[in-house]
Q: 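Handing you this structure, nothing more for now.
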Amino acid sequence: MTDTVSKARFDEKFEPGQADPRWQSAWEKARTFEADSNSDKPKSFVLEMFPYPSGRIHMGHVRNYTMGDVLARYKKMRGFEVLHPMGWDAFGMPAENAAMEKGVHPGGWTRQNIEAMKAQLKRIGFALDWSRELATCEPEYYGHEQSLFIDLYEAGLVYRRQATVNWDPVDMTVLANEQVIDGKGWRSGAEVEKRKLDQWFLKITDFADELLDGLGSLDGWPDKVRLMQENWIGKSTGLEFSFDVSNGGKLAVYSTRPDTIYGASFVAVAADHPIAQEIAASDAEAKAFCEDCKRGGTTAAEIEAGEKKGFKTQLTARHPFTGEALPVFIANFVLMDYGTGAVMGVPGHDQRDFEFATNYELPILRVVASDPADADKPFGKEAEAGDGVIVNSDMLNGMSVEDAKAKVIGRAEAEAWGNGTTVWRLRDWGVSRQRYWGTPIPFIHCDACGVVPVPKDQLPVVLPEDVDFKQPGNPLLRHPTWKHTSCPKCGEDAQRETDTLDTFVDSSWYFLRFASQPDDRPFDPEEVAKWLPVEQYIGGIEHAILHLLYARFWTRALKHIGQINFAEPFASLFTQGMVTHETYQVFVPDDKGQTTLPRSYMVSPNEVERRDGKVYEIDSGLEVEVGRIIKMSKSKKNVVDPDAILEDFGADSARWFMLSDSPPERDLPWSVAGIEGCHRFVQRVWRLCGAVDVDAQGENKDLARKTHQTIAAVAQDIEALSFNKAVARLYELTAAAEKAAPSESRNHAIVTLLQLVSPMIPHLAEEAWDLLAPALGHSGLIADAPWPEVDEALLVEDEVTIAIQHMGKLRDTITAPKGADKDTLEALALSSEKVQRSIDGKEIRKVIVVPDRLVNIVA
RNA sequence: GCGGGCGUGGCGGAAUUGGUAGACGCGCUGGUUUUAGGUACCAGUAUCGUAAGAUGUGGGGGUUCGAGUCCCUUCGCCCGCACCA
């Protein structure tokens, strides 16, 4: 190192407190990470799920955004024009809760949180294009959402209907199912009522088939997520048909096993089925049973482990083939909102029906057997739902299950008493929320004209600011003026819709708005086409179904109405693991010095210290029991605040920790020792940079080879998102460079290392790159530097280590030239003394040679 | 109950198509530098054994010249859905 000033700087410690803000503002000033839609470079859109502005960044965010950041920076180095934006999923309940609890305005609370969290993200040095920042709570965003909603309405994909909701009579609001605990509102504790309200729906079921089929094209998605969506969509095919009922009416049922129709021995309807309701109206016992079923819906059923119970009605249903009169039951295990709300009971071949038939002593008939000879084989303790051959079924006898299904459906259709049908588990998406802090649904109710969309030139429909949260209920509904307006069609007095949209709507198209942000429309299709689909989407597994399914639906819906030309928004999806931490529990000794279980409390990581392999609470000096490593949560007191870590160790150490050790899809246990180790590594790279010596001469082939192998391997690892492996390789190169004597190869190894670590620890990389510039002759930011070139010739070793086995057991290793032929390797192997000792004169029957790998002697 | 995933040192985890198990990190042990602590550096660290060697990827079995990897079986843990006809 000729530049003594720089040399001296590397002798001192790397100071993130100074370096981090310096480079963060250098990137900002140079607009290093602003994406140019008009660039000629190939495009890459790297996106992490945008956060809800709860107030503080947590470690999960840090991990999520660090992964995306490394990929974004890497892609930039590889010559891509990268779009890596950040925004805020800013509508939602917590803001209204804060308003009620603290008397603040949801908007003020949210915007303050955004500012605080933005500052935190900036301190971590993420390569984000802040010029495209958006918050879903701003009219500049939700106004365009209103416009898209109207487009979908006009395309027939939005409709209103009455739907049953969970109504909290105290808070005067609708509750999500998750907010109903033991039949009571989670906040008010009041008994929740079922109410029928007019609600807005999106026709996601129109796309059920497409959304299911589309999963097959999503190669870049985890199988787990695809499977979860498949189950959620829940396609099944079968026969829907009607029984003639003894009261002269018809009763429609749905079955996926029409092949077993000859095995039907009863018919069962749900407790809220019209037939059940009708009977309940005149029969007190039936009424009591139905109400019991409803109450038992959630908790009681679980307690009773799903015991199948029924109420036998006076009705019978006529079997379409045999003419037999089957008893009709009201049963607790039949659901009204699936299929037709009624089933034919085939006890032999359906486990629920089997249990029910056992309870009520109904016939259990065999109509499927593994072999025709087993036609009269009795059943064991459970139903046989598997495949086989049809028996005891008249015209179906001897057929396979598949053929019999087709035959029965064919006959039902020919004789016009039933139809082959597809039934979906997926329901239309209810998007109405009776809340303030969300996107106003842009419609107007007119007595004369009905429901009328707000004309687009009157968008956005802006939320009123002057609202109060002192009373329960929807502030929009009781606002003195906001809802009063005139009808766009007839001009008469009319009322605004006071429901707001589910916040999942906000997150169903934000990636389009990131790509293109015109003022006058939601996005520019041509600009969107340049960036979309998102090349890599990263987020938590908790969004596997809802967010990811809704975003897929919304994208398909926009394609359907011709606004975009692609169907799937996210080409690749990665679901990262959680950040976890040990838990600490202190057991308080009683007067006699005994510890008793109930007297215990949790303590946080910064309240404990380690001494002699044990853990103690600092304040009390009591020994702490180290509990399970679980997700960081306030209630378990095992949260580590990113700000404190940034303060103590700087952004680079924290980033390095997030990438080290655990594979990104698994949980990452946070530990003090771990972050300290990362900090040591950062300092180690810093010191190593001081070893650059421009006067050094000569080549170190081994180190050069290691350098080029590392370039190739780290690139591969980053592209596979295997950051933990990339980190391991960088440690290896660091160690190799440290050990090597000064040479040109070593200088190259060091500067290459700096480039390779720059996506991960960018502040140190910039600082060192800058200091080395005069000596090495480069210029500019390392963030703008290209990924190092690989010399393919150096990837190949010229000597390899060959394992020598005898009967598959390792006996010796030898060094041989790369590509040595089989005879040479065999001869080398047999010349090994250890191998000869192992063979001990036995006859050699066979020698297996795997070139460049091993020799196995069979003797 | 159904569906999916995972079991490798004290810990997190590596390991192309089956081909040297334990890379890399943490921790730990011993040593060097330092007035001390910390830092840094060197050596060691799967198990048993003084060694030669043997054993070893949750357990059992199989295929193979060769199995962490493939097959069967069994145990344990985690996640998702939950009476979906």
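Hydrogens, waters and symmetry mates play no part in the numbers below; they use all other heavy atoms, side chains included. Below, chain A is the first sequence line, B the second, and so on; all start at residue 1.
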Q: Out of B/rU16, B/rG25, B/rC41, which nucleotide sits closest to the side chain of A/Arg853?
A: B/rU16

Q: According to a strict under-4.0 Å criterion, is A/Lys725 in side-chain N/O contact with OP1 or OP2 of B/rA15?
A: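 A/Lys725 to B/rA15 OP1/OP2: side-chain N or O found under 4.0 Å.
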
Q: Identify, between A/Gly234 and A/Arg687, the residue whose nearest nucleotide on RNA chain B lies closer to the 5' end.
A: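 The residue mapped nearer the 5' terminus is A/Arg687.
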
Q: In whole Å, what separates the P atom of B/rA43 from that of B/rU8?
A: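 Going atom to atom, P in each nucleotide, I get 30 Å.
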
Q: Paired with B/rG7 by Watson-Crick or G-U wobble geometry, both distances under 3.5 Å: which nucleotide is it?
A: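 For B/rG7, the partner nucleotide comes out as B/rC75, under the 3.5 Å rule.
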
Q: Using a 4.0 Å heavy-atom cut-off, does A/Glu732 contact any base of the nucleic acid, only the sugar-phosphate backbone, or nothing at all?
A: sugar-phosphate

Q: At under 4.0 Å between heavy atoms, what does A/Asp350 touch on the DNA or RNA strands: base, sugar-phosphate, or nothing?
A: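 No contact.
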
Q: Between A/Arg425 and B/rC81, does any side-chain N or O lie under 4.0 Å from OP1 or OP2?
A: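 No.
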
Q: Would you classify A/Ser671 as touching base, sugar-phosphate or nothing, given that sugar-phosphate means primed atoms plus P, OP1 and OP2, and contacts are heavy atoms under 4.0 Å?
A: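 If one applies the 4.0 Å heavy-atom cut-off, A/Ser671 turns out to touch nothing in the nucleic acid.
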
Q: According to a strict under-4.0 Å criterion, is A/Arg352 in side-chain N/O contact with OP1 or OP2 of B/rC84?
A: yes

Q: Check whether any side-chain N or O of A/Asn724 sits under 4.0 Å from OP1 or OP2 of B/rA14, and answer yes or no.
A: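 For A/Asn724, the contact criterion (side-chain N or O under 4.0 Å from OP1 or OP2 of B/rA14) is met.
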
Q: Let me know the distance between CZ of A/Phe681 and C1' of B/rG25, rounded to the nearest Å.
A: 11 Å

Q: If you measure from CG on A/Asn419 to CG on A/Leu239, what distance do you get to the nearest 0.5 Å?
A: 8.0 Å

Q: Looking at A/Tyr338, I'd like to know whether one of its side-chain N or O atoms comes within less than 4.0 Å of OP1 or OP2 on B/rA85.
A: yes

Q: Hey, is NZ on A/Lys834 packed in by over 12 heavy atoms from elsewhere, all under 6.0 Å?
A: no

Q: Taking the inter-plane angle between the rings of A/Phe321 and A/Tyr262 on a 0 to 90° scale, is it parallel (under 30°), tilted (30 to 60°) or perpendicular (over 60°)?
A: parallel

Q: Round to the nearest Å and state the distance from A/Asp667 atom CG to B/rC6 atom P.
A: 14 Å

Q: Tell me whether A/Gln716 at atom CD has more than 12 heavy atoms from other residues, nucleotides or ligands lying less than 6.0 Å away.
A: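 Not buried by this count: 12 neighbours or fewer within 6.0 Å.
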
Q: Rounded to whole angstroms, how far apart are CG on A/Asn231 and P on B/rG1?
A: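 Nearest whole value for this atom pair: 18 Å.
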
Q: Which part of the nucleic acid, if any, lies within reach of A/Val346 when heavy atoms closer than 4.0 Å are counted: base, sugar-phosphate only, or nothing?
A: nothing

Q: The side chain of A/Arg680 lies closest to which of these nucleotides: B/rG27, B/rC24, B/rG12?
A: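 Per side-chain heavy atoms of A/Arg680, the pick is B/rG27.
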
Q: Distance only, no hydrogens: is a donor on one side chain within 3.5 Å (strictly under) of an acceptor on the other, for A/Asn638 and A/Thr583?
A: no

Q: Report yes if at least one side-chain N or O of A/Arg837 is closer than 4.0 Å to OP1 or OP2 of B/rA52; otherwise report no.
A: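 It does not, given that no N or O in the side chain of A/Arg837 lies less than 4.0 Å from OP1 or OP2 of B/rA52.
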
Q: For the side chain of A/Pro663, starting at C-beta, report the closest nucleotide among B/rU20, B/rG13, B/rA85.
A: B/rG13

Q: For the side chain of A/Glu738, counting heavy atoms from C-beta on, which of B/rG13, B/rA54, B/rC41 is nearest?
A: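 Looking only at side-chain atoms, A/Glu738 lies closest to B/rC41.
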
Q: Looking for any heavy atom pair under 4.0 Å, which part of the strands does A/Val858 touch: base, sugar-phosphate only, or nothing?
A: sugar-phosphate

Q: Report yes if the side chains of A/Val62 and A/Ile645 come closer than 4.5 Å at any heavy-atom pair, otherwise no.
A: no

Q: Considering every strand and a 4.0 Å limit on heavy-atom distances, what is the contact class for A/Arg729: base, sugar-phosphate, or nothing?
A: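 Nothing, no heavy atom under 4.0 Å.
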
Q: Rounded to the nearest Å, what distance is computed from the CG atom of residue A/Asn332 to the P atom of nucleotide B/rC84?
A: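 For the pair A/Asn332 CG and B/rC84 P, the rounded distance is 12 Å.
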
Q: Check the distance between B/rG12's P and A/Glu582's CD and give it to me in whole angstrom.
A: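 In whole Å, B/rG12 P and A/Glu582 CD are 12 Å from each other.
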
Q: Any salt bridge linking A/Glu384 with A/Arg366? Criterion: basic side-chain nitrogen under 4.0 Å from a carboxylate oxygen.
A: yes

Q: Would you indicate which nucleotide in B/rG3, B/rC83, B/rU20 comes nearest to any side-chain atom of A/Leu854?
A: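 Closest nucleotide among those given: B/rU20.
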
Q: How many Å lie between CG on A/Asp717 and C1' on B/rG13, as a whole number?
A: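 Atom-to-atom, A/Asp717 to B/rG13, this comes out as 14 Å.
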
Q: Among the candidates B/rG3, B/rG12, B/rA85, find the nucleotide nearest to the side-chain atoms of A/Ser662.
A: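 Among the listed nucleotides, the one closest to the side chain of A/Ser662 is B/rG12.
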
Q: If you check the A/Leu335 side chain, which of B/rC79, B/rC84, B/rG12 turns out closest?
A: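 It is B/rC84.
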
Q: Under 4.0 Å, counting only non-hydrogen atoms across every strand here, what does A/Lys13 touch: a base, just sugar-phosphate, or nothing?
A: nothing

Q: If anything within 90° of 0 is syn and all else is anti, what is B/rG9?
A: syn

Q: Would you please confirm or rule out a distance under 4.0 Å between OP1 or OP2 of B/rA54 and any side-chain N or O of A/Arg811?
A: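 So the side-chain polar atoms of A/Arg811 do come within 4.0 Å of the phosphate oxygens OP1 or OP2 of B/rA54, strictly under.
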
Q: 5'-most contact on RNA chain B: A/Asp337 or A/Val850, nearest heavy atom basis?
A: A/Val850

Q: Please determine, for B/rC2, whether a Watson-Crick or G-U wobble partner exists with both distances under 3.5 Å, and give it or none.
A: B/rG80

Q: Check the phosphate of B/rG12 against A/Arg666, side-chain N and O only, distance under 4.0 Å to OP1 or OP2. Yes or no?
A: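 Answer is no, no contact under 4.0 Å.
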
Q: Would you mind classifying the nucleic acid contact of A/Tyr731 as base, sugar-phosphate or nothing, using non-hydrogen atoms under 4.0 angstrom?
A: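 Sugar-phosphate, no base atom in range.
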
